[in-house]
Amino acid sequence: MKNDLFELPIPTRDGRFTARYSGKGLAEMDFPKVGRASPRAAKQNGVPATISRWHRATETALKNILAGRTAKNLPPLDLTGGTEFQQAVWRELRKISPGQTRSYGEIAQAIGKARAVRAVGGACGANPIPVLVPCHRVLAAHGKIGGFGGGLDWKRRLLAREGVSL
DNA sequence: AGCCAGTCTCGGA
DNA sequence: TCCGAGACTGGCT
C-alpha cells in the first residue's frame, strides 16, 4: 500500500530525511536512519510536477523547523490515513508554534476528550509526519519529557533548537 | 483481551 | 522531595 507513494530524500545537516507523497500531499516523513542507509538515488524522473513543488515546500519547511524557525508554506498534508480521533489530535498539534509546548492532557482537553490522555499519546506515536506535525512539542504533565517514536534524543534536540528547556 | 509517548494518589526512602 | 507501584483511563490492534 505504501508503495503507491512517491519517495524523495531530504538531505539536511541532521541527516537524510525521507518524504513520501500521495496524490493528495505529503503523507509520511521518516527520520534519518541511524545505521547509514543505502545512498540509492531516487528516481527523480517520473515525478509529477505537482509533487516536485510540494517537495520543495517540504524541504524548506523541514529545514526551517530544524533551525527552530516557523515553517511557512507547508505542502498539503495527506493525513487521511488516520482515524477520526487521530486526525483530531494531529490537527491540534499543528496549532502549537515553535517554542511552545502542551501536555498530553491539554491536547486531550482541547479535542473535547479530557480523559483520553493516554490515547493522545498513542495518536502522537501514530503520527506519520513528525516534525512538520509537531508531536515533539507535547510533554507529559509537569514538564516531564514523555516519549517519542523517533527516539527521545530527537525530541530533546528539536525542543532545544526551539529554545525550550526542560 | 492486551498494549500504551498519561496522570493522579499514596507510601516509603 | 523524589521515585515506584497501583488504579483508572480511552482508543487501537
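Note: hydrogens, waters and symmetry copies are ignored here, and every other heavy atom, side chains too, is used. Residue numbers start from 1 in every chain, and the chains themselves are labelled A, B, ... in the order their sequence lines are given, proteins ahead of strands.
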*Which residue, Ile10(A), Thr58(A), Asp30(A), forms the side chain to side chain contact (heavy atoms under 4.5 Å, CB included) with Phe17(A)?*
Ile10(A)

Atom [atom1] of [X] and atom [atom2] of [Y]: how far apart are they, to the nearest 0.5 Å?
X         : Y         : atom1 : atom2 : result
Arg137(A) : Thr101(A) : CZ    : OG1   : 10.0 Å
Ile107(A) : Cys124(A) : CD1   : SG    : 7.0 Å
Leu166(A) : Lys155(A) : CG    : NZ    : 9.0 Å
Lys63(A)  : Thr12(A)  : NZ    : OG1   : 7.0 Å
Leu159(A) : Glu162(A) : CG    : CD    : 6.0 Å
Leu152(A) : His136(A) : CG    : NE2   : 13.5 Å

*Stem segments of DNA chain C by first residue number [Watson-Crick or G-U, under 3.5 Å, at least 3]*: B:1-4 with C:10-13, B:6-13 with C:1-8

*ring-ring contact (aromatic ring centres under 6.0 Å, His included) against Trp90(A), all qualifying residues, sequence neighbours excluded*: none

Rounded to the Å, how far apart are [X] [atom1] and [N] [atom2]?
X         : N      : atom1 : atom2 : answer
Arg102(A) : dG6(B) : CZ    : C1'   : 17 Å
His142(A) : dC8(B) : NE2   : C1'   : 13 Å
Gln109(A) : dC8(B) : CD    : P     : 11 Å
Leu152(A) : dA5(B) : CG    : P     : 11 Å

_Over 12 non-hydrogen atoms of neighbours within 6.0 angstrom of CD in Gln109(A)_ = no

*Looking for any heavy atom pair under 4.0 Å, which part of the strands does Gly149(A) touch: base, sugar-phosphate only, or nothing?*
base

Please report, to 0.1 Å, the donor-acceptor pairs under 3.5 Å made by any side chain of residues 68-77 of chain A, with sequence neighbours excluded.
residue, atom, partner, partner atom, Å
Arg69(A), NE, Asn64(A), OD1, 3.1

*Which parts of nucleotides 6-13 of chain C does protein reach within less than 4.0 Å, heavy atoms only, written one letter per nucleotide 5' to 3' as B for base, S for sugar-phosphate only and - for none?*
--BBBSS-

*Just by distance, with hydrogens left out, do Thr50(A) and Tyr21(A) show a side-chain donor and acceptor under 3.5 Å apart?*
no

*asked:* Using the rule given for salt bridge (charged side-chain N to carboxylate O under 4.0 Å, His left out), can you reason through Arg56(A) versus Glu59(A), listing the C-alpha separation, both sets of side-chain angles and the distance that settles it, and then say yes or no?
replied: CA-CA 5 Å; Arg56(A) 239 171 286 130; Glu59(A) 207 166 336; over 6 Å; no

*asked:* Measuring centre to centre across the rings, with the benzene-like ring taken for any Trp, is Trp154(A) within less than 6.0 Å of Phe148(A)?
replied: no

Measure all distances between protein nitrogen or oxygen atoms and nitrogen or oxygen atoms of nucleotides 9-13 of chain B, and list the pairs falling under 3.5 Å.
none

So which protein N/O to nucleotides 1-5 of chain C N/O distances come out below 3.5 Å?
none

